[in-house]
Amino acid sequence: MLSTNRLPQHVLVVDDSELQRQFIAELCRAMGIADIQQAVNGFDALAQVKAKPQIEAIILDLEMPGMDGVQVLHELARLEQAPPVVLASAREHVLLNVVENMGKSLGLRLLGVLQKPIVHDHLLASLGRFSVTPLSSRASEHWTPGPALTEQEVFRALRAKEFVAYFQPKVRLADGSLKGVEALVRWEHPEHGLLTPGHFIELVEGSRYMSELTLQMLDMALRQCRKWHAAGLPISFSLNLSARSLADSRLADAIIERVAVSGIAPQHVILEITESAIMTDLGTTLGTLARLRLKGFGLSVDDYGTGFSCMLQLSRVPCTELKVDRAFVHGASHNRHLRILLESALDIASKLNLEVVAEGVETLEDWLLLRDLGCGEVQGYFVGKPMPGDALLPWWRDNQQRMQDLGPMDGVLQVLAGGLPGS
Ligand code: C2E
Ligand code: MG
Ligand code: MG
């Protein structure tokens, strides 16, 4: 299916078994790959990668005498520019997962992890990812030290209205229609430029100002939502609530009141919460959530499946939606473990009658897998990145057709025939 992508034309096959090397080389040849080099061990592989900068991809066996595949990955990570890697091994899935995560955290690009004996279609799908530009670049995967910010600055920024809401679209998989948006805070810092929450949200959460920030975000989202509804787009929006805000019972009153005067129905407002939000002052928090639900607000369990958001929460919170964390979503199409965990999250959501949103949908493969698994809604860079509120309508005008074509199966085939987005 992904054969419309450009395959690497210079490939290095690394395996200590002559038979395996010949077999993989033969598969590559059958795919039309022109230049297939072979290395008999890890040392040989590294020497060839250094000597032949034209090598575009490596198919690497994990178990080799002397330098094994894990060591080869470490050595590759030291190079200025390492070619992307397809890992191959006959060992158990869980071990392959560990090595895959290790490779990624070293900053390497992994095109796939294949169980031996290698099957033609799996190798083709992995090599087909070669020409798809990865959306999460190495820089965004790693924490980079940001500017030192203080509580006084947060106070000043709230007065000066430097916090702004960006909105990320959420679409229905069945027909590609726009369901809603998630409001995500950004700080338009006068010195440091546009800052994402990773740089400041913990600071604000630890200060007295979290509820104030939540209410400013709510006001901005309500203003935008009125504009979208007026333009004929009756969408909902989601707002993130943090631990500190939820333990403040006055916050629920303020939210209920502001939404009431806005003219937007509470059914169009979804409040996203994480497990850490539930942990503090359980009594107050659960009371706040129950009141919000009684008033008709949607309640979403955010980052489901991560350490902060577990199954127990589903029985405690009167939730209406489950948001599967992106850790289970992006990459599940070529990782059996992730796919099983993803399937179980979708299964739980369906049995509990919850709306389900998959976060972190970055590629067409992610989209197709979720559609096949019957997931309801998706959010992620493949659909659209967070954007200023006024950019949403023009974005939807430009992307509505692409989303709708991806809904039905024949539409997907047409999109594929026209080339993959981002390739
Ligand atoms: P979240 O609520 O889970 O929001 C999703 C995050 O994933 C956003 O990061 C979004 O930009 C990012 N994202 C979306 N699609 C993709 C994708 O396809 N690939 C990747 N790699 N990432 C994707 P952002 O905006 O940096 O926000 C990070 C977190 O900060 C949010 O996670 C949320 O927990 C918190 N946050 C954001 N805005 C607010 C807010 O107004 N209030 C509170 N309390 N927390 C907020
Ligand atoms: Mg969220
Ligand atoms: Mg999330």
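Counting convention: from 1, in listed order, for ligands and their atoms alike.
Residue-environment remark: CD (E92) exceeds the threshold of 12 foreign heavy atoms within 6.0 Å. Around CZ of R159, the count of heavy atoms belonging to other residues, nucleotides or ligands within 6.0 Å exceeds 12.
Listed by chain and residue number, nothing satisfies the side chain to side chain donor-acceptor pair (under 3.5 Å) test with S350 (two or more places apart in sequence, or in another chain). For the side chain to side chain donor-acceptor pair (under 3.5 Å) test, residues two or more places apart in sequence or in another chain that qualify with E321 are K170, S300.
Y209 does not carry R156 over the face of its six-membered ring by the limits of under 6.0 Å from the centre and within 45° of the normal.
Heavy atoms of K323 found under 4.0 angstrom from ligand 1: none, in either backbone or side chain. Within the 4.0 Å heavy-atom criterion, neither part of Q379 lies near ligand 1. The residue H330 has no part lying near ligand 1, judged by heavy-atom distances below 4.0 Å. Contact annotation for K385 and ligand 1: no heavy atom of the residue comes within less than 4.0 Å of the ligand. At a 4.0 Å heavy-atom cut-off, ligand 1 touches I201 through the side chain alone. Heavy atoms of D303 found under 4.0 angstrom from ligand 1 belong exclusively to the side chain.
Considering K385, Q379, E359 as possible partners of Q168, the one that fulfils the side chain to side chain donor-acceptor pair (under 3.5 Å) test is Q379.
The distance from ligand 1 to the heavy atoms of D302 drops below 4.0 Å at these ligand atoms: 1 (P), 2 (O), 3 (O). Ligand-side atoms of ligand 1 in range of P386: 11 (O), range being under 4.0 angstrom from any heavy atom. Near R326, the atoms of ligand 1 lying under 4.0 angstrom from a non-hydrogen atom of the residue are 20 (C), 21 (N), 22 (N). Residue-ligand proximity, V361 to ligand 1, at heavy-atom distances under 4.0 Å covers atoms 18 (O). Near M217, with a cut-off below 4.0 Å to any heavy atom, the atoms of ligand 1 are 41 (O).
For atom 8 (C) of ligand 1, the candidate residues are L218, L184, I273; the nearest heavy-atom contact is made by L184. The heavy atom nearest to atom 27 (O) of ligand 1, out of those in G198, P197, A165, P169, is found in P197. If you check each of M220, Q168, H199 against atom 15 (N) of ligand 1, the one with the closest non-hydrogen atom is Q168. Nearest to atom 16 (C) of ligand 1 by heavy-atom distance, out of Y381, F382, F200, is Y381.
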From CA spacing to verdict: side-chain contact (heavy atoms from CB on, under 4.5 Å), K116, E63
CA-CA 11 Å; K116 282 183 178 177; E63 270 180 296; over 6 Å; no
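Using a distance-only test at 3.5 Å, with no hydrogens or angles considered, a donor-acceptor pair links the side chain of D366 to the main chain of T363.
Side chains of E75 and Q71: no donor on one and acceptor on the other come within 3.5 Å. For the 3.5 Å distance criterion, the side chains of Q54 and D35 fail to qualify, holding no donor opposite an acceptor.
Not a single N or O atom of L241, backbone or side chain, sits closer than 3.5 Å to an N or O atom of ligand 1.
Looking at M403 and W396, their side chains come closer than 4.5 Å, going by heavy atoms from C-beta outward.
Neighbours of the Mg ion (ligand 2) restricted to protein N, O or S atoms under 2.8 Å: the count is 4.
Contact annotation: M210 has at least one heavy atom less than 4.0 Å from an atom of ligand 1.
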Check residues 188-198 and write down every donor-acceptor pair under 3.5 Å in which the side-chain atom is one partner and the other belongs to a residue at least two apart or another chain.
{"from": "H189", "atom 1": "ND1", "to": "E191", "atom 2": "N", "distance (Å)": "3.1"}
{"from": "H189", "atom 1": "ND1", "to": "H192", "atom 2": "N", "distance (Å)": "3.2"}
{"from": "H189", "atom 1": "NE2", "to": "E153", "atom 2": "OE2", "distance (Å)": "2.7"}

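Using cut-offs of 30° and 60° for the angle between ring planes, the W187 and F200 rings count as perpendicular.
For F167 and W228, the ring centers are positioned less than 6.0 Å apart.
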